[in-house]
**Q** 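A single structure is presented below for examination.
Heavy-atom basis, side chains included; hydrogens, waters and symmetry copies ignored. Because the structure is predicted, anything quoted here is derived from the model rather than measured. Ligands are counted one by one from 1 in listed order, and the atoms in each one are counted from 1 as well.
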Amino acid sequence: MANPKVTVVGAGFVGATTAQRLVEKELADVVLIDVVEGMPQGKALDMMESAPVEGFHTRITGTNDYADTKNSDVVVITAGLARKPGMSRDDLLLKNAEIVGGIVEQCAAHSPRAIIITVTNPLDAMTYLAWKKSGFANSRVLGMAGVLDSARYAYFLSEELLCKPGDVEALVFGGHGDEMVPVPQLTKVKGRPVTELLEPEVIEKINQRARVGGAEIVALLKTGSAYYAPSSSVVQMVKAIVQNTAEILPCCVYMTGQYGIKDVYCGVPARLGREGVLEIPEYKLTDDQKKALAASAEQVRENCAKLQKQ
Ligand code: TXD
């Protein structure tokens with residue numbers, strides 16, 4: 001059987017690292033596409049030249065032509081501008097909407113059966129835009145943020161608890177902004193919720209660090225934003241889709257009444273498989289968390305309204 005085909009749009013830091021992880025893990029054949037001529041081709045060739053050493057059998061091709069992305073199973077959109085110090089994710093809204101809108105039209109035309117994963121910020125609004133521009137069913141268009149935000153939360157907790165990062169199963173809900181909602185009672189270490197393991201003040205300090213985890217990296221890097229943990233997070237979602245694992249991962253998905261939220265994209269745990277979002281199971285949140293989630297969804301709705309005015 002042919003390998004799954006994954007197109008990664010944008011061969012910058014997140015796109016190239018995502019492509020590298022996908023081929024090295026042999027999850028798919030990858031097409032890496034960018035507007036800059038030669039750059040995706042150069043990066044793809046460089047990665048192929050690592051195949052004899054790394055020992056992977058999947059292929060990566062670089063291109064500037066959407067015809068090469070034809071019949072992709074998954075399209076990951078990372079193209080756009082990244083945050084600079086002092087910039088919010090929303091500052092990127094209109095500029096990246098122009099870029100992402102054009103890309104989605106091309107990708108949807110060439111791969112009408114693909115699942116689209118957006119990565120470009122501001123994430124929730126870009127996912128909504130991708131859904132609108134693609135004309136796809138909402139179950140086939142989703143965004144990556146929750147896996148990353150939860151991974152950061154898990155890492156910070158593992159440092160505090162002196163445990164293996166992989167032993168922390170964390171859940172962060174809400175939009176990909178400073179209003180995201182870490183959920184400690186559903187965040188577990190070997191089955192024990194962190195609310196039983198840490199004092200509330202310590203948990204709140206870690207919640208806050210997770211909320212601004214992206215900005216912490218931006219402030220250190222100064223010229224761009226995070227890409228190692230973001231690319232790992234995208235790859236976990238792609239794996240769930242191409243291998244049809246039906247696992248539950250926190251993602252930006254279209255809400256149809258879950259948690260009282262409707263007709264807007266928002267970050268919640270969702271079951272993923274070959275057809276995209278298979279189910280949005282509801283978890284028990286506290287009243288405060290429900291309120292925070294609704295407020296976060298409203299912020300996304302306002303951003304999407306700004307896009308409609310364009
Ligand atoms: O959790 C998340 N969702 C995120 C989102 C985590 C990390 C980064 N996040 C966002 O991803 C970030 O705020 C940016 O909006 C994107 C991409 O970040 P990256 O760090 O990869 O930015 P780069 O290195 O600047 O790469 C962007 C590439 C660059 O090579 C451009 O030439 C290309 O996008 N680009 C395009 N490619 C194709 N088509 C068009 N039109 C185009 N415009 C720019």
**Q** What is the nearest protein non-hydrogen atom to atom 42 (C) of ligand 1, stated with its residue, atom name and distance?
**A** Val35 CG2, 3.6 Å

**Q** Please report which non-hydrogen protein atom sits nearest to atom 11 (O) of ligand 1, along with the residue it belongs to and the distance in Å to one decimal place.
**A**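 Nearest protein contact, heavy atoms only, for atom 11 (O) of ligand 1 is Val119 O, 3.7 Å.
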
**Q** Considering Val234, Val14, Thr78 one by one, which has a heavy atom nearer to atom 17 (C) of ligand 1 than any of the others?
**A** Thr78

**Q** Could you list which atoms of ligand 1 come closer than 4.0 Å to a heavy atom of Ala79?
**A** 34 (O), 35 (N), 36 (C), 37 (N), 38 (C), 42 (C)

**Q** In plain terms, say whether Lys291 and Glu298 are close enough for a salt bridge, that is, a side-chain N and a carboxylate O under 4.0 Å apart.
**A** no

**Q** At less than 4.0 angstrom from any non-hydrogen atom of Leu123, what atoms of ligand 1 do you find?
**A** 3 (N)

**Q** Taking only heavy atoms of His176, which atoms of ligand 1 are found under 4.0 Å from at least one of them?
**A** 1 (O), 2 (C)

**Q** List ligand 1 atoms under 4.0 Å from Val36, heavy atoms only on the residue side.
**A**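 Taking each heavy atom of Val36 in turn, ligand 1 has 32 (O) under 4.0 Å.
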
**Q** Are Gln258 and Thr256 close enough that a side-chain donor and a side-chain acceptor fall under 3.5 Å?
**A** yes

**Q** Can you tell which of Asp34, Val218, Val147, Thr118 gets a heavy atom nearest to atom 28 (C) of ligand 1?
**A** Asp34

**Q** Students should be able to answer this: which protein heavy-atom is nearest to atom 26 (O) of ligand 1, and at what distance?
**A**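 Protein heavy atom at minimum distance: Gly12 CA, 3.3 Å.
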
**Q** Check whether more than 12 heavy atoms from other residues, nucleotides or ligands sit under 6.0 Å from atom NZ of Lys43, and answer yes or no.
**A** yes

**Q** Can you see whether Gln41 engages Asn64 through a side-chain donor-acceptor pair at a distance of less than 3.5 angstrom?
**A**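 The answer is yes; a qualifying pair exists.
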
**Q** Would you mind listing which atoms of ligand 1 come within a distance below 4.0 Å of any non-hydrogen atom of Asn96?
**A** 15 (O)

**Q** What part of Leu81, side chain, backbone, both or neither, has a heavy atom within less than 4.0 angstrom of ligand 1?
**A** backbone

**Q** Tell me: protein heavy atom nearest atom 22 (O) of ligand 1, and distance?
**A**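 Closest protein heavy atom to atom 22 (O) of ligand 1: Ala82 CB, 3.8 Å.
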
**Q** Does any N or O of ligand 1 fall below 3.5 Å from an N or O anywhere on Ile33, backbone included?
**A**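 Not met; the criterion fails.
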
**Q** Report, in ascending order of atom number, the atoms of ligand 1 lying under 4.0 Å from any heavy atom of Met39.
**A** 30 (O)

**Q** Flag yes if more than 12 heavy atoms outside Phe13 fall under 6.0 Å of its CZ atom; otherwise flag no.
**A**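 Atom CZ in Phe13 is not crowded, with 12 or fewer foreign heavy atoms closer than 6.0 Å.
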
**Q** Tell me: protein heavy atom nearest atom 24 (O) of ligand 1, and distance?
**A**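 The closest heavy atom on the protein side is Phe13 N, 2.9 Å.
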
**Q** Determine, for Glu159 against Arg209, whether the closest basic-nitrogen to carboxylate-oxygen distance falls under 4.0 angstrom.
**A** yes

**Q** Are any of the side-chain heavy atoms of Ile77 and Val100 separated by less than 4.5 Å?
**A**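 Yes, their side chains come closer than 4.5 Å.
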
**Q** Given Gly15, Ala16, Gly10, Gly80, identify the one with the heavy atom nearest to atom 25 (O) of ligand 1.
**A** Gly80

**Q** Out of the candidates Ile203, Asn207, Ile206, Leu171, only one should pair with Pro182 under the side chain to side chain contact (heavy atoms under 4.5 Å, CB included) rule; please name it.
**A** Asn207

**Q** For atom 43 (N) of ligand 1, which protein heavy atom lies nearest, and how many Å away is it?
**A**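 Ranked first by proximity to atom 43 (N) of ligand 1 is Ile99 CG2, 3.6 Å.
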
**Q** At what distance is the nearest protein heavy atom to atom 13 (O) of ligand 1, and which residue and atom is it?
**A**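 Among all protein heavy atoms, the one nearest atom 13 (O) of ligand 1 is Asn121 ND2, 3.0 Å.
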
**Q** Look at atom 39 (N) of ligand 1 and find which of Leu221, Thr223, Ile103 reaches it with the closest heavy atom.
**A** Ile103

**Q** Is there a donor-acceptor contact under 3.5 Å linking the side chains of His176 and Asp124?
**A**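 No, no side-chain donor-acceptor contact under 3.5 Å.
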
**Q** Would you kindly say whether Thr69 and Thr7 are connected by a side-chain donor-acceptor distance under 3.5 Å?
**A**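 Result is no, nothing qualifies.
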
**Q** Looking at ligand 1, does Gly224 have a heavy atom less than 4.0 Å from it?
**A** no

**Q** Could you tell me whether Leu148 approaches ligand 1 through its side chain, its backbone, both or neither, with non-hydrogen atoms closer than 4.0 Å?
**A** side chain

**Q** Run the salt-bridge test on Asp29 and Arg59 with the 4.0 Å N-O cut-off and return the result as yes or no.
**A**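 So Asp29 does not pair with Arg59 through a salt bridge.
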
**Q** I need the minimum non-hydrogen distance between Val194 and Pro184, along with the two atoms involved.
**A** CG2-O, 3.3 Å

**Q** So if I count the atoms of ligand 1 from 1 in the order they appear, which ones are less than 4.0 Å from some heavy atom of Pro230?
**A**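 Once the distances to Pro230 are compared, the set is 6 (C), 7 (C).
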
**Q** Per the salt bridge (charged side-chain N to carboxylate O under 4.0 Å, His left out) rule, which among Lys5, Arg113, Arg274 passes with Asp73?
**A**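 It is Arg274, the one option of Lys5, Arg113, Arg274 that forms the salt bridge (charged side-chain N to carboxylate O under 4.0 Å, His left out) with Asp73.
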
**Q** Go through the steps to decide whether Val9 and Cys107 satisfy the test side-chain contact (heavy atoms from CB on, under 4.5 Å), and finish with yes or no.
**A** CA-CA 9 Å; Val9 188; Cys107 290; 3.9 Å; yes

**Q** Within the 4.0 Å heavy-atom shell around Ala226, which atoms of ligand 1 are there?
**A**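 Going through ligand 1 atom by atom, the ones under 4.0 Å from Ala226 are 7 (C), 8 (C).
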
